[in-house]
Amino acid sequence: MSVWTVLLAAGSGTRLAEASGGVKKQFLRLGGKPLYWRSLSTFARCPDIAGVMVVFPPADLDAARKALAGLLAAHDPGVAVLTTAGGVRRQDSVQNGLAALPSDCRFVLVHDAARPFVDPALVGRVITALREGHEAVIPVLPVTDTIKEVREETVLATFDRSRLAAVQTPQGFDAALLRQAFAHAGEEFTVTDDASLVEHLGRPVHTVPGHPDNRKITNPEDLALLEDATPSPVPVVGYGYDVHRYANPAHPGKQPARPMKLGGYPILGAPEVLAHSDGDVLLHALTDAILGCVAGGDIGQLFPDSNPDFDNMASGVFVSEALLLAREAGLTITHVDLTIIAQVPRIGPHAQAIRLNVAALLSLDKSRVNLKATTEEGLGFTGEKKGIKAIALVTGWKRS
Ligand code: CTP
Ligand code: MG
């Protein structure tokens, strides 16, 4: 009973082209990502959706696929995402999407990427009606304006508004029925929505309530909707914690001993630390704190210590990689607060150098980086001079 969405992003956006500087509307930026991504992630959040088939303009297919792969790597939507090329008319794009769906797809929802504000509740209403046995389901809204038929500036007829409905997407179908409706309609029959094909076949189309916010970005004045919808950044805090054991000739560890570095700064005369990488406990905690701000997992997932490439790796590289990932996820770091916990060595004489190094690594002014050091009063493993700990807190803003 799998449900797939065919997400239509293959139009040319002619009515908006001038106002958007030639950018096709499905690729306009919304919250730092292409517009179509918004509805893709909404469908991905709906529990019944098995996958999304994104239909791109043939001329943009390669570039759009590449950009989408980057987005998927940074934000796993948790459902299958496939792509295919669209056609000249909207219905040609639907047909291409339909043809590329996996064969076990039972229901298909066809959605305009130009409607980024669709909400999961609306999607749920369409799917529920399909599961209840309706073969074709469309979301509708009552018409508030009076609708007239006009030709050459003259009114020909006035419709009874109470009998009319404005139609939105996603429109849901039994996939076999939609295929049959396309075959029946043939090439000549041009439609502006998919349900028309089913009506043409003489089969019933069921309606569910649409939502007034589910507007289609169509004309230049609709661009204001996107500006209003750009989410404000949210404050975030990331926490990182790391420990390294000191080398002890009496109990050699599994990992090699490394000369101590803190924040990339060598601490001469300090105990050696056991580590696969260069063992910079402070930068490891910092990397985790950066990842924490963007739900990016942890340093071990990104740089497993089973990977020989990271042997004696300068930990500044981990920080830089985490920063890249975090920036891609919309993070701006505003402040970092670091604590080193060790009985030995004494950190005080090195504190300024460590702090400046970290500030430079993060491209932050030194007033935004704090470094503290403490002992644990002879208690625990730091007190026994067996190892060192570091804690990092990173604060910032994240565009969601
Ligand atoms: N669409 C499509 N393939 C086409 C035409 C349209 O996938 N050949 C998609 C659009 O990308 C959009 C949706 O269908 O998400 C609704 O179409 P519309 O609002 O008309 O978009 P465009 O055709 O791109 O815009 P315009 O009509 O102004 O050129
Ligand atoms: Mg169009």
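Predicted model only: the values in this text are computed from it and were never measured. Just follow the structure's listing: the first ligand is 1, and inside any ligand the first atom is 1.
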Looking only at heavy atoms, is any part of Lys24 under 4.0 Å from ligand 1, and if so is it the side chain, the backbone, or both, or is it neither? neither
With a heavy-atom distance limit of 4.0 Å, tell me whether Ala114 approaches ligand 1 through its side chain, its backbone, both, or neither. both
Which residue and non-hydrogen atom of the protein lie closest to [atom], and at what distance in Å?
atom                    : result
atom 20 (O) of ligand 1 : Arg15 NH2, 3.0 Å
atom 7 (O) of ligand 1  : Ala10 N, 2.9 Å
atom 15 (O) of ligand 1 : Leu8 O, 2.8 Å
atom 18 (P) of ligand 1 : Lys25 NZ, 3.6 Å
atom 29 (O) of ligand 1 : Thr14 OG1, 2.2 Å

Under 3.5 Å: N/O of [X] near N/O of ligand 1:
X      : value
Gly13  : yes
Gly87  : yes
Val88  : yes
Thr218 : no

Take a 6.0 Å sphere around [atom1] of [X] and say whether it holds more than 12 heavy atoms from other residues, nucleotides or ligands.
X      : atom1 : answer
Arg65  : CZ    : yes
Lys366 : NZ    : no
Glu18  : CD    : no
Arg29  : CZ    : yes

Test salt bridge (charged side-chain N to carboxylate O under 4.0 Å, His left out), reference Glu376, set Lys386, Lys389, Lys385, output is Lys389
Can you check whether His276 and Phe310 have ring centres sitting under 6.0 Å from each other? no
Closer than 4.0 Å to some heavy atom of [X] - which atoms of ligand 1 meet that?
X      : result
Asp112 : 13 (C), 14 (O), 15 (O), 16 (C)
Ala9   : 7 (O), 11 (O)
Arg89  : 4 (C), 8 (N)

Got a donor-acceptor contact below 3.5 angstrom from the [X] side chain to the [Y] backbone?
X      : Y      : answer
Ser315 : Phe318 : no
Gln171 : Asp194 : yes
Arg355 : Val369 : yes

Evaluating non-hydrogen atoms only, which member of Arg115, Lys216, His111, Arg90 is closest to atom 19 (O) of ligand 1? Lys216
Tell me the nearest of Gly11, Gly97, Ser93, Pro116 to atom 11 (O) of ligand 1, using heavy-atom distances. Gly11
Heavy-atom nearest pair, His206 first then Ala129, reads CD2-CB, 3.9 Å
